[in-house]
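Shown next, in structure tokens, is the structure this report addresses.
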Amino acid sequence: MEQKLFVYNSLTRNKEEFKPLNPGHVGMYVCGPTVYSDVHLGNCRTFIAFDLIYRYLLHLGYKVRYVRNITDAGHLESDGDVGEDKVSKKAKIEQLEPMEIVQRYTIDFHKVMDIFNALPPSIEPTATGHIIEQIELVKSILAAGYAYEVDGSVYFDVEKYSQNNDYGALNGRKLEDMLNNTRTLGGQDEKRGKLDFALWIKAKPEHLMQWPSPWGMGFPGWHLECSAMSNKYLGHQFDIHGGGMDLMPTHHTNEIAQNIACCGKTPANYWIHTNMLTTNGQKMSKSLGNSFLPHELFTGEHALLKKGYSPMVIRFFFLQASYRSTVDFSNDAIDAAEIFYKKLSETARKLASLQQNALTAVDEETDKGINTFCDDCYYSMNDNFNSPKTLEALNNLSKWINSYAASIRNSGEITAQTFERMKKTYTDFFFDVLGLKVEDSDSGDTDELMQLIIKLRNEAKAGKDYATSDKIREGLKSIGFQLNDKKQGTTDWVRV
RNA sequence: GGUCGGAUGGCCGAGUGGCUAGGCAGAGGUCUGCAAAACCUCCUACAGCGGUUCGAAUCCGCUUCCGACCUCCA
């Protein structure tokens with residue numbers, strides 16, 4: 001099945017066929033977190049979205065180099081390049097070494113990503129580990145004439161850059177509009193132009209994180225690290241650059257300007273931006289106080305939550321919307337996702353041991369239908385990673401799988417080839433592409449125990465002692481085990 | 001204020017000109033000792049007003065409402 005992958009490119013505002021620079025290989029850079037506090041759920045959504053993209057590219061057989069940075073210096077606290085580095089500020093507040101802050105939140109971030117079953121990137125470089133590369137980049141931009149130094153700081157000259165380049169290519173804004181609408185911020189006297197941004201910032205003596213440079217002691221501007229590190233690990237040009245939509249107008253715009261200034265090339269061919277997670281219609285952000293931390297979600301300990309949800313339910317909830325849409329967080333929506341997820345995951349669990357019946361006459365229509373649903377999995381993912389459509393295709397397969405598992409239909413009615421394809425496609429997409437897991441994988445002990453109880457209950461049932469059998473079933477249900485009697489007289493159990 | 005993007009059935013959410021997703025909730029049914037699960041059937045919406053078209057949720061215009069960015073945020 002030869003199909004083409006289409007990707008929505010923020011740079012062109014169009015869905016385009018994905019053609020990697022080097023056939024068979026993909027270079028992908030995603031802007032990672034600034035590790036000065038806990039990641040919140042909105043951050044997680046973005047990284048889960050790129051995990052889906054990464055997983056699908058791998059599934060298609062691409063050799064992917066996935067670079068996602070850790071910002072551990074240079075990300076300023078407030079505004080116009082005069083604020084304090086976020087990590088430094090937090091370190092002062094907590095009276096710790098900046099690197100203690102970085103270490104704590106980096107570990108936390110990795111844990112959370114692991115809980116959400118997001119694969120680690122191929123390379124996870126840090127800003128502080130690439131100070132030399134960043135200084136070299138500033139030198140190149142200065143040499144190219146697109147930057148100027150003022151009293152130990154170096155600024156990017158946007159107006160000069162705009163003479164030959166379209167500064168607003170990514171954010172779609174005209175230069176004059178940007179100039180007219182940029183608010184005047186304090187402490188920017190050093191800059192020649194309102195839109196100029198810092199490449200290197202002079203550090204005050206008390207600043208905790210600073211490094212020697214040709215311009216004196218200082219630290220790098222936030223936009224610089226991504227240019228330096230993508231250049232180093234993926235080259236001047238690579239395939240995909242991603243991040244949250246909120247990074248597009250400023251961070252990515254400046255990143256492109258830096259790359260063009262130093263290397264003459266737009267770094268990435270395809271720019272992919274994920275949309276925001278909202279709460280009650282407003283962007284989830286720390287400053288608005290409406291953000292969730294992952295553990296609050298798992299435990300349900302948050303004013304806006306009526307219960308806790310498991311990591312896979314949340315991952316599934318995100319997959320039910322396309323990455324380019326905002327997702328509004330509500331209990332009702334997640335409750336619905338939870339039930340749907342459990343249905344599909346129960347199918348995945350059953351599928352592992354499902355054997356095909358002896359072949360009978362092939363029901364052509366069914367056989368064809370199942371193959372179409374398998375095709376749909378690819379078709380929908382190829383359409384800009386449309387995970388909601390993929391879930392629909394899996395749901396369609398799930399109905400057949402469940403019918404066969406419950407002997408409502410005879411699995412001998414399809415060819416052995418189709419049966420195997422159905423199994424493989426469902427498994428591949430549920431686990432490998434969508435990155436879902438079957439939760440509550442109990443130890444064998446639990447199952448042995450349950451089998452014993454089920455046997456006792458079935459003995460009671462056989463003797464028509466329904467009072468006892470119902471007592472067992474109700475008792476188990478109250479502690480979280482649901483028994484399901486099957487047509488063949490066997491009984492399954494599942495956690496609820 | 002400027003720029004951009006949204007508005008889909010009770011709820012969530014796909015869908016870019018005709019073939020009228022899917023999930024959750026709801027109704028009915030099959031199965032079952034009864035349940036549960038599973039399966040089957042039903043429930044046919046696209047903010048409002050104009051326009052283009054044989055035909056529009058989908059294209060164009062206007063209106064209303066919402067959001068994002070412009071200031072740190074994935």
Side-chain angles (χ1 to χ4, degrees), chain A residues 13 30-34 36-37 39-50 75-80 83 86 168 171-174 176-178 180-183 185 222 242-251 273-278 281-288 291 316-317 320-322 324-328 330-344 346-347 350 376 380 383 386-396 398-409 461 464 466 469-470 473-474 477 482-487 489 491-492 494 496:
Chain A
R13 288 150 206 269
V30 173
C31 292
T34 302
Y36 72 105
S37 68
V39 281
H40 67 69
L41 204 62
N43 306 122
C44 295
R45 185 199 177 191
T46 290
F47 301 125
I48 288 171
F50 283 104
H75 197 160
L76 297 178
E77 179 59 34
S78 55
D79 53 34
K86 286 190 173 194
N171 65 16
R173 285 177 195 156
K174 294 193 181 90
E176 55 186 57
D177 290 338
M178 283 190 270
N180 292 336
N181 291 302
T182 300
R183 296 180 195 186
L185 300 162
W222 175 39
M245 240 169 224
D246 49 356
L247 298 183
M248 187 166 76
T250 307
H251 180 59
H273 290 98
T274 57
N275 215 324
M276 299 291 105
L277 181 63
T278 62
Q282 281 208 309
K283 176 179 172 180
M284 187 178 284
S285 77
K286 285 172 194 167
S287 51
L288 287 172
S291 62
F316 191 93
F317 172 64
Q320 262 193 303
S322 73
R324 297 199 64 242
S325 306
T326 53
V327 166
D328 193 59
S330 73
N331 284 283
D332 286 351
I334 305 180
D335 283 344
E338 182 171 43
I339 294 170
F340 191 17
Y341 160 71
K342 283 190 172 165
K343 187 174 154 188
L344 294 191
E346 189 54 22
T347 301
K350 273 186 244 172
D376 285 346
S380 49
D383 184 13
N386 191 329
S387 50
K389 286 285 269 186
T390 306
L391 288 175
E392 179 189 337
L394 285 185
N395 182 54
N396 285 329
S398 169
K399 286 178 181 172
W400 288 101
I401 293 165
N402 286 331
S403 293
Y404 294 143
S407 301
I408 293 171
R409 299 210 48 166
K461 271 174 68 185
K464 296 208 187 296
Y466 296 124
S469 68
D470 287 354
R473 187 173 62 196
E474 293 312 309
K477 189 173 183 183
Q482 170 73 52
L483 296 187
N484 298 321
D485 291 338
K486 311 300 284 191
K487 203 177 180 180
T491 302
D492 281 354
V494 63
V496 287

In whole Å, measure the gap between the [atom1] atoms of [N] and [M] for me.
{"N": "B:G50", "M": "B:A56", "atom1": "P", "result": "14 Å"}
{"N": "B:G55", "M": "B:A21", "atom1": "P", "result": "23 Å"}
{"N": "B:G29", "M": "B:U8", "atom1": "P", "result": "34 Å"}
{"N": "B:G48", "M": "B:A57", "atom1": "C1'", "result": "14 Å"}
{"N": "B:C19", "M": "B:U32", "atom1": "P", "result": "41 Å"}
{"N": "B:C46", "M": "B:C31", "atom1": "C1'", "result": "38 Å"}
{"N": "B:A14", "M": "B:U71", "atom1": "P", "result": "30 Å"}
{"N": "B:G15", "M": "B:G6", "atom1": "C1'", "result": "15 Å"}

| query | Of A:D328 and A:P249, whose nearest nucleotide on RNA chain B comes first from the 5' end? | reply |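 Whichever sits nearer the 5' end wins; that is A:D328.
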| field | Upstream residue (5' side of RNA chain B) when A:P33 and A:K464 are each assigned their closest nucleotide | value | A:K464
| task | Would you indicate, yes or no, if B:G23 has its OP1 or OP2 atom less than 4.0 angstrom from a side-chain nitrogen or oxygen of A:N395? | result | yes
| query | Quick one: is B:C39 close enough that its OP1 or OP2 comes under 4.0 Å of any side-chain N or O from A:N402? | reply | yes
Candidates [options] - which lies nearest the side chain of [X]:
{"X": "A:R13", "options": "B:A38, B:C40, B:C4", "result": "B:C4"}
{"X": "A:N43", "options": "B:C39, B:A21, B:C73", "result": "B:C73"}
{"X": "A:R173", "options": "B:U3, B:A21, B:C12", "result": "B:U3"}
{"X": "A:Q320", "options": "B:A38, B:A21, B:G23", "result": "B:G23"}
{"X": "A:K283", "options": "B:G33, B:C72, B:C73", "result": "B:C73"}
{"X": "A:K461", "options": "B:C24, B:G33, B:A74", "result": "B:G33"}
{"X": "A:T250", "options": "B:C70, B:A21, B:A74", "result": "B:C70"}
{"X": "A:D332", "options": "B:C11, B:A21, B:A38", "result": "B:C11"}
{"X": "A:P388", "options": "B:C72, B:A14, B:C73", "result": "B:A14"}
{"X": "A:K389", "options": "B:A38, B:A21, B:C73", "result": "B:A21"}

Return the value, rounded to whole Å, for the distance between atom [atom1] of [X] and atom [atom2] of [N].
{"X": "A:M248", "N": "B:A74", "atom1": "CE", "atom2": "C1'", "value": "13 Å"}
{"X": "A:D485", "N": "B:A36", "atom1": "CG", "atom2": "P", "value": "12 Å"}
{"X": "A:D492", "N": "B:A38", "atom1": "CG", "atom2": "P", "value": "12 Å"}
{"X": "A:K343", "N": "B:A38", "atom1": "NZ", "atom2": "P", "value": "6 Å"}
{"X": "A:M245", "N": "B:G5", "atom1": "CE", "atom2": "P", "value": "11 Å"}
{"X": "A:F340", "N": "B:C11", "atom1": "CZ", "atom2": "C1'", "value": "15 Å"}
{"X": "A:D246", "N": "B:C4", "atom1": "CG", "atom2": "P", "value": "19 Å"}
{"X": "A:M276", "N": "B:G5", "atom1": "CE", "atom2": "P", "value": "16 Å"}

| task | Decide, applying a 5.5 Å centre-distance limit and a 30° plane-angle limit (both strict), whether A:F47 stacks on B:A74. | result |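 Not stacked by the 5.5 Å and 30° rule.
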Quick one: the side chain of [X] and the base of [N], do they pair up donor-acceptor inside 3.5 Å?
{"X": "A:D470", "N": "B:G33", "value": "yes"}
{"X": "A:R473", "N": "B:C34", "value": "yes"}
{"X": "A:D335", "N": "B:C12", "value": "no"}

About how many Å separate [atom2] of [Y] and [atom1] of [X], when rounded to the nearest 0.5 Å?
{"X": "A:M248", "Y": "A:T250", "atom1": "CE", "atom2": "OG1", "result": "10.0 Å"}
{"X": "A:I334", "Y": "A:F316", "atom1": "CD1", "atom2": "CZ", "result": "12.5 Å"}
{"X": "A:R473", "Y": "A:Y466", "atom1": "CZ", "atom2": "OH", "result": "11.0 Å"}

Is [X] touching bases, backbone alone, or none of the nucleic acid, heavy atoms closer than 4.0 Å?
{"X": "A:S403", "result": "sugar-phosphate"}
{"X": "A:S330", "result": "nothing"}
{"X": "A:H273", "result": "nothing"}
{"X": "A:L483", "result": "base"}
{"X": "A:S325", "result": "sugar-phosphate"}
{"X": "A:G42", "result": "base"}
{"X": "A:L277", "result": "base"}

| Thinking salt bridges, do A:D492 and A:K350 make one under a 4.0 Å N-O criterion? | no
Any donor-acceptor pair under 3.5 Å linking the side chain of [X] with the backbone of [Y]?
{"X": "A:D328", "Y": "A:G281", "value": "yes"}
{"X": "A:S398", "Y": "A:L394", "value": "no"}
{"X": "A:T278", "Y": "A:V327", "value": "yes"}
{"X": "A:N43", "Y": "A:H40", "value": "yes"}
{"X": "A:R45", "Y": "A:N275", "value": "yes"}

Under a 3.5 Å cut-off for both contacts, is [N] paired Watson-Crick or G-U wobble with anything, and if yes, with which nucleotide?
{"N": "B:U32", "value": "none"}
{"N": "B:U20", "value": "none"}
{"N": "B:A7", "value": "B:U64"}
{"N": "B:G2", "value": "B:C69"}

